[in-house]
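First listed ligand is number 1; within each ligand, the first listed atom is number 1.
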Amino acid sequence: AAAFSQEFIDMPRPERPLKVAVIGAGLAGLSCAKYLSDAGHEPIVLEARDVLGGKVSAWQDKDGDWVETGLHIFFGAYPNVNQMFTELGIRDRLQWKSHSMIFAMPGQQTADGFQRFSRFEFPALLPAPLNGLVAILLNNEMLTFPEKIQFGIGLLPAILFGQKYVEECDSLTVSEWMKKQGVPDRVNDEVFIAMAKALNFIDPENLSMTVVLTALNRFLQETHGSKMAFLDGPPPTRLCQPMADYMLERGGELRMEQRISSILLNDDKTVKGLKMQDGSTVVADAYVSTMPVDILKLMLPQEWKPMPYFEKLNGLNGVPVINIHMWFDRKLTTVDHLLFSRSPLLSVYADMSLTCKGYRDDEKSMLELVFAPAKDWIGKPDEAIIEATMEELYRLFPNELNKDGSGAKLLKSAVVKTPLSVYEATAGRELYRPVQTSPISNFFLAGCFTKQKYLASMEGATFSGKLAARALSDAAMADTIPLKEAASAVAA
Ligand code: FAD
């Protein structure tokens with residue numbers, strides 16, 4: 001990742017810097033703009049909302065407490081994101097946790113009545129894959145030894161045939177793959193329901209096995225791959241703003257509350273400009289869309305729709321997910337880590353008053369919980385969602401929460417619904433993910449749904465922005481982008 005970043009700085013300076021309109025100030029858009037400015041171009045980032053970050057955006061409620069679009073975890077196996085923190089000089093904002101994966105055991109309690117957790121501990125002194133294997137072998141609470149061996153045998157083809165096999169498995173769901181490889185159902189029930197919900201907010205009956213194998217591959221190949229970090233505060237201020245500042249200091253521009261309403265074409269189907277919702281037009285030399293795939297599909301000009309590159313976007317759809325915040329009047333847990341809930345309605349959760357310096361509270365807990373699969377809940381009122389979540393929490397915190405109201409009290413809550421979030425990675429989706437270079441010479445795509453090997457994640461988004469910046473810079477050097485006489489950035 002460091003070498004790839006350096007290539008932007010080492011590229012020959014363009015004879016005339018290109019004005020590039022980057023649509024969207026999520027991680028893909030901000031990453032693309034950063035690397036375009038490293039390559040000597042002039043990005044103009046157009047963001048529809050009044051907050052940076054897209055799916056990592058966050059805002060303050062009336063009390064000044066932060067509400068986030070999603071509970072976000074950074075992994076050791078995120079080379080481009082980690083490199084971004086280094087390049088921005090903000091590495092200390094990543095709060096790395098102990099190298100463990102912690103699963104709740106709903107319904108099971110310790111002798112003194114507290115929730116039981118089952119831990120996979122990765123020994124610090126062992127390199128990959130040994131640290132992962134020891135972590136799995138030493139945990140006997142979730143899987144028996146014979147179950148682990150059967151799962152290990154099932155994984156052999158992935159180990160022997162590598163990436164090619166991982167990609168071939170996209171035609172199978174996790175459940176289908178487990179059956180085909182003779183892995184006992186209990187492995188699925190104990191581990192993979194939680195993992196599938198954490199990776200893509202859906203169940204193993206729907207998730208592509210490629211997604212799980214991609215994650216396992218990284219975790220087993222890189223010593224720190226599965227190590228997790230929390231950002232030390234809200235992503236818009238702690239990560240996105242430094243990314244924006246970086247490109248602003250190098251001649252870039254950021255325009256907030258600038259929603260594009262359509263893409264205007266020349267006769268040769270190249271982009272002529274962007275029609276904005278306020279009626280103005282933005283004209284640039286080249287354009288990068290980082291809009292989520294569902295919005296992009298609505299925005300495609302008629303003339304582009306029959307082109308196979310754009311047509312296949314119809315195979316991708318956003319998956320619904322709900323992020324919940326619950327503030328309690330006292331501490332519910334002492335675990336400073338991400339927790340896999342292994343409960344029907346929830347995916348992962350964390351007590352942000354412990355895990356995140358910026359949200360620290362020594363007296364009270366703020367649980368942030370991912371509610372998934374959310375298909376049947378996304379249309380329901382917030383009160384119903386909080387009520388259902390409380391039912392799950394009574395089982396997850398048997399000692400701290402009581403239905404009779406005698407335990408910890410819920411002070412307030414916030415529910416953030418994202419009806420169409422990252423693309424739903426059901427079996428067979430890989431075929432539909434577009435590369436960053438489109439058939440239109442001055443139009444490029446980025447966003448976590450575009451083709452790259454890091455799934456629909458912060459790493460995937462950041463890397464896709466970097467790939468789009470590279471493709472665009474290469475096209476500029478090869479003179480394949482039709483330049484405007486004097487690209488004005490804004491025409492009346
Ligand atoms: P987006 O963030 O969606 O950015 C697109 C931007 O385009 C937005 O800012 C949007 O406002 C803007 N836009 C849209 N339409 C227009 C328009 N017409 N004009 C101008 N601008 C427009 N990833 C992880 O790695 N780890 C996690 O733990 C994790 N947890 C998650 C939890 C939740 C609940 C969610 C929802 C996501 C999670 N993710 C996680 C995924 C991660 O957030 C995304 O993959 C990533 O942020 C996507 O970035 P992006 O730039 O591709 O898209």
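- Taking the centre of each ring, Phe120 and Phe103 come in below the 6.0 Å mark.
- Where the criterion is an N or O separation shorter than 3.5 Å, residue side chain and backbone included, Gly70 fails it with respect to ligand 1.
- Close N/O approach between Lys55 and ligand 1 is found [any backbone or side-chain N/O within under 3.5 Å].
- For the pair Ala48 and ligand 1, the shortest N or O to N or O distance falls below 3.5 Å.
- Ligand 1 has a nitrogen or oxygen under 3.5 angstrom from a nitrogen or oxygen of Ala28.
- Here the shortest heavy-atom distance to atom 50 (P) of ligand 1, taken over Ser464, Cys240, Ala461, Gly465, belongs to Ala461.
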Step by step, would you call Glu190 with Arg342 a salt bridge (charged side-chain N to carboxylate O under 4.0 Å, His left out)?
CA-CA 8 Å; Glu190 290 292 306; Arg342 295 172 78 245; 2.6 Å; yes
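- For ligand 1, the polar-atom distance check against Ser421 finds no nitrogen or oxygen pair separated by under 3.5 Å.
- Of all the heavy atoms of Tyr78, the ones lying under 4.0 Å from any atom of ligand 1 belong exclusively to the side chain.
- Checked against the 6.0 Å centroid criterion, the rings of Phe85 and Phe74 qualify as a close aromatic pair.
- Heavy-atom separations between Ala446 and ligand 1 are all 4.0 Å or longer.
- Only backbone heavy atoms of Leu46 (N, CA, C or O) come within less than 4.0 Å of ligand 1; its side chain stays farther off.
- On a distance-only criterion, His72 and ligand 1 share at least one N/O pair closer than 3.5 Å.
- The shortest N or O to N or O distance between Pro292 and ligand 1 is not under 3.5 Å.
- Of all the atoms in ligand 1, the ones that sit under 4.0 Å from a non-hydrogen atom of Arg49 are 11 (O).
- In Ile295, the part holding a heavy atom less than 4.0 Å from any atom of ligand 1 is the side chain.
- Counting heavy atoms under 4.0 Å from ligand 1, residue Met299 touches it through the side chain alone.
- Note: an N/O pair closer than 3.5 Å links Glu47 and ligand 1 by distance alone.
- Side-chain N/O atoms of Thr426 and Arg429 include a donor and acceptor closer than 3.5 Å.
- Taking distance alone, with nitrogen or oxygen atoms compared against 3.5 Å, Val56 stays at or beyond that limit from ligand 1.
- Taking 4.0 Å as the cut-off between side-chain N and carboxylate O, Glu47 and Arg49 do not count as a salt-bridged pair.
- Inclusion of Val370 in the set of residues having an N or O under 3.5 Å from an N or O of ligand 1 is not warranted.
- When non-hydrogen atoms are compared, ligand 1 lies under 4.0 Å from the side chain of Val422 (C-beta onward) but not from its backbone.
- Proximity of Phe449 to ligand 1, defined as any heavy-atom pair under 4.0 Å, is not found for any part of the residue.
- Under 4.0 angstrom from ligand 1, the non-hydrogen atoms of Leu71 all belong to its backbone.
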